[in-house]
Each structure stands twice: as structure tokens, then as C-alpha cells.
Amino acid sequence: MKKIIFGIIPLTAIIIGFSVIFLQFEATTKPSTTPSAAKKETVTKDEKPVSEIAIPTLFVHGYSGTANSFKGMINRLADDGSVTKSLVMTVAADGTVTSKGNYDKFSQNPTIQVIFEENKSSMVNQALWIQNVMKELKNNYHIEKVYAVGHSMGGVSLTSYIEKVGSDKTYPVIEKLVLIGAPLNGLVIGDDGVTPYDLTADGPKQSSERYSGFMKNKTNIPTNLQVLNIAGDKLDGTKSDGSVSVASALSGKFIFDGQVTSYEEQVFTGKNAAHSNLHENTEVDAKVAAFLWDIKKVD
């Protein structure tokens, strides 16, 4: 009997020993999966969202304009971080478009300055050249939407282009348009502020050939368009910016209002509202920035 008991004791000790070793091994291996799972969650949280594609803005100068026409405005907007200077696109008299600069579709409100080498040409030619620029933007830069700012004749030519192209998907869609001192109904100015083209509640008293054409083709304007129309009044009695009457500029109301998604107008006054000062006026800068990019500038 004693031999049996002495034989059982070592066997029991061996079983207990294996049990302790097994439990210790299980305790050390189970937690090893936890750090791996935690590491995966951290990587997922650190992933950055994809940047939003920006809508570029075209700047089109007026009659006899140059690269300097919008240079100041673009530089000021770039200096305060509102925009990123991007492309300068020059159009030759034969319609050939050459581009300089870099376009980054993820940059902050990229600008595209349009320069006409033949800067004293007709509205018809300029509208065609804008069409060539738009085709270049669509085909080579894959740009689907744009905003546009036109000073003086540049605003007239942009309006002509919009009516000509309409909703043709061959070209980028212009979603927002800013006209600055655009002579939509001619260049007649009265010393006393009175002209045959003054506005009534129903439109101009008299229409130029250009304006009649705009009114005839206004239904071609895409309804998604948003328009800001800016005029200048030097307060010298002429009711004009010195080159374009307030009435001629604001006759745009009867072209766009009721046809587009939204139309608003603003008249700036004083010496800084002179025709060539409008695009150098920081108050105009602020209005344009608020309209195009919803940027509120604080003095």
C-alpha cells in the first residue's frame, strides 16, 4: 500500500506542474493581440480627407488693357491669402493661346489672368478669344467650372461669350460673373448726368445696337449663373466713372435679372470709383472676395 501511495504522489506533482506551466503560457499569449488592434485604429484615425477641388477665377481686362490692369487686384488678394496666383493666358490676334504659370486644382482660389495681345479689338473678336481660352481650360487642364471677372470691355466681351456659348458642355460652366464698369449700353456721358440712355423702371430709354443684341439673346444665358454688377460714380455731376455712365453699366439688370439665379449691383462713389481706379479700389476687392469666395474682409 505504501508503494502505491508513494507512486501516486510524484504523479500528482507532475500533473500540477504541467497545469501551472499551461496557465502561465495562456496568460502571456492572450494579451499579445491587443496592441495590434489598437495600432490599426490609430492609423485609420490619422488618415487625412481628400482636398476639395477649387474653382478658378478668370480676370479679363478692358479695352487697351494689359497685364497691369488686374495685376494690382490679384496681388492684393494673393497677399492676404484670398487667392493663389496661377496662370497667365495670352491670346494672340490669330486666337492662339499660350499659358504661363502652374495650375494646382487644390490651391486656394486659383487665378487665371487673360491677356489679349491685340488689346483694342472688337467685342466679337474678344468673345471668340475667350472661347479659345475656355476650350484650353477644359481640354488641357480638365477644368469644369470657373468664375469670371471682367473690367470695362472685358465685362462686355464676357457677356457676349456667355450668350454665344450658353450651356454648351464643350466649355467650362461659368458659375459666377463679376462685371466692373462694363459699358453694356454704350459710352455716352452727359456733362449734367443726363443722356438718352438713362434708365427707367422698364429699362433704358434708348438702346445701343450692342445692348439690343444682348437683350435679344438673353435667354441663352444659363440660369445657374450668379451675377455681381459694379458701377462707379465720381460724384462730379456726370453720373459716371469718367468713362462709363452708371446707367450704361447698370442696364445689365435688364439683361440678367430674372434670367439668372441671382443678380446684385453696387455703385461705388468718389475719386476711387473712377473707371481705371475701380480695379485698384480695396472696397471693390472686398466686395468681389465676398461675392466669389464668401471671404469677409475686416479693416
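Nothing fancy with the numbering, it's 1 onward along the sequence. Excluded from the calculations below are hydrogen atoms, water molecules and symmetry mates; all remaining heavy atoms, backbone and side chain alike, are included.
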Indicate if Ile174 and Leu87 have the same hydrophobic cluster label, given that clusters are the connected sets of ILVMFWY residues with side-chain heavy-atom separations under 4.5 angstrom.
yes
Of the non-hydrogen atoms in Phe254 and Pro204, which two are nearest, and what is the gap between them?
CD1-CD, 4.3 Å
Examine distances only and state if a side-chain atom of Asn277 and a backbone atom of Lys271 form a donor-acceptor pair shorter than 3.5 Å.
yes
Beyond-backbone contact of Thr111 with Leu77, side-chain heavy atoms, under 4.5 angstrom
no
Determine, using the 4.5 Å side-chain heavy-atom cutoff (strictly less than), whether Ile180 and Val227 are members of one ILVMFWY cluster.
no
Main chain of Ile115, side chain of Thr90: is a donor-acceptor contact present, judged purely on distance under 3.5 Å?
no
4.5 Å side-chain heavy-atom contact, Leu199 and Asn185:
no
Rounded distance (nearest 0.5 Å) linking atom CG of Asn109 with atom OG1 of Thr84:
7.0 Å
If we ignore hydrogens and angles and just use 3.5 Å, is the side chain of Gln259 paired with the main-chain N or O of Ile221 as donor and acceptor?
yes
Full working for side-chain contact (heavy atoms from CB on, under 4.5 Å) between Phe256 and Thr159:
CA-CA 10 Å; Phe256 295 104; Thr159 302; 3.8 Å; yes
Shortest non-hydrogen contact between Pro172 and Val146, atoms and distance
CB-CG1, 4.1 Å
What one should report as the nearest heavy-atom pair of Phe214 and Glu163 is O-OE2, 2.7 Å
When rounded to the nearest 0.5 angstrom, what is the spacing between OG1 in Thr269 and CG in Asp241?
12.5 Å
Any non-hydrogen side-chain atom of Ile130 less than 4.5 Å from a side-chain atom of Ser157?
yes
Using a 3.5 Å distance criterion without hydrogens, assess whether the side chain of Asp198 forms a donor-acceptor pair with backbone atoms of Val194.
no
Could you tell me whether the side chain of Thr261 and the main chain of Thr223 form a donor-acceptor pair under 3.5 Å?
yes
Value for CG (Leu187) from OG (Ser152), rounded to nearest 0.5 Å, stands at 7.5 Å
Is a donor on one side and an acceptor on the other found under 3.5 Å between the side chain of Ser212 and the backbone of Ser208?
yes
Minimal non-hydrogen separation, Leu179 against Ala182, with atom names
CB-CB, 4.2 Å
Derivation of the side-chain contact (heavy atoms from CB on, under 4.5 Å) call for Asn125 and Glu118:
CA-CA 10 Å; Asn125 285 341; Glu118 185 59 60; over 6 Å; no
How far does CD1 of Ile53 sit from NE2 of His142, to the nearest 0.5 angstrom?
11.5 Å
Salt-bridge present (Lys287, Glu264; N to O < 4.0 Å):
yes
Has the side chain of Asp257 got a donor or acceptor atom that lies under 3.5 Å from a matching backbone atom of Tyr263?
no
Taking C-beta and beyond as the side chain, do Gln226 and Glu175 meet within less than 4.5 Å on heavy atoms?
no
Backbone of Ser251 reached by a side-chain donor or acceptor of Tyr211 within 3.5 Å:
yes
Using the six-membered ring wherever Trp is involved, compare the ring planes of Trp129 and Phe116 and label them parallel, tilted or perpendicular (cut-offs 30° and 60°).
tilted
Apply side chain to side chain donor-acceptor pair (under 3.5 Å) to residues Ser82 and Asp80 and explain how you reach the verdict.
CA-CA 6 Å; Ser82 297; Asp80 68 18; 2.7 Å; yes
With hydrophobic residues grouped by side-chain heavy-atom distances under 4.5 Å, do Val156 and Tyr197 end up in a single group?
no
Residues Tyr147 and Ile55: closest non-hydrogen pair is OH-CD1, 3.6 Å
ILVMFWY network linking Val133 to Tyr141, side-chain heavy atoms under 4.5 angstrom
yes
Just wondering, do His279 and Val284 contact through their side chains at under 4.5 Å, heavy atoms?
no
Met89 vs Ser99 side-chain heavy atoms within contact, under 4.5 Å:
yes
Would you call the rings of Tyr161 and Tyr171 parallel, tilted or perpendicular, where under 30° means parallel and over 60° means perpendicular?
perpendicular
May I have the step-by-step check of side-chain contact (heavy atoms from CB on, under 4.5 Å) for Glu144 and Lys138, ending in yes or no?
CA-CA 6 Å; Glu144 299 292 335; Lys138 178 84 168 189; 2.6 Å; yes
Do Ile74 and Lys85 have side chains that approach each other closer than 4.5 Å (heavy atoms only, starting at C-beta)?
yes
Could you pull out the closest heavy-atom pair between Ala290 and Lys296, with the gap in Å?
CB-NZ, 4.3 Å
Verify, without hydrogens or angle tests, whether Asn220 (side chain) and Gly166 (backbone) share a donor-acceptor contact under 3.5 angstrom.
no
Once rounded to the nearest 0.5 Å, what's the spacing between atom NZ of Lys216 and atom OG of Ser207?
13.5 Å
Closer than 3.5 angstrom, by distance alone: can the side chain of Ser86 be matched with the main-chain N or O of Asn102 as a donor-acceptor pair?
yes
Rounded at 0.5 Å granularity, tell me how far CD1 in Ile189 sits from OG1 in Thr195.
9.0 Å
Side-chain H-bond candidate by donor/acceptor type, Asp168 with Thr170, under 3.5 Å
yes
Give the ring-plane orientation class for His151 versus His275, where under 30° counts as parallel, over 60° as perpendicular and anything between as tilted.
tilted
Applying the 4.5 Å side-chain criterion to the ILVMFWY set and letting contacts propagate, would Leu177 and Met134 be lumped into a single cluster?
yes
List the steps and the verdict of side-chain contact (heavy atoms from CB on, under 4.5 Å) for Thr66 and His61.
CA-CA 7 Å; Thr66 67; His61 64 73; over 6 Å; no
4.5 Å side-chain heavy-atom contact, Met123 and Gln126:
no
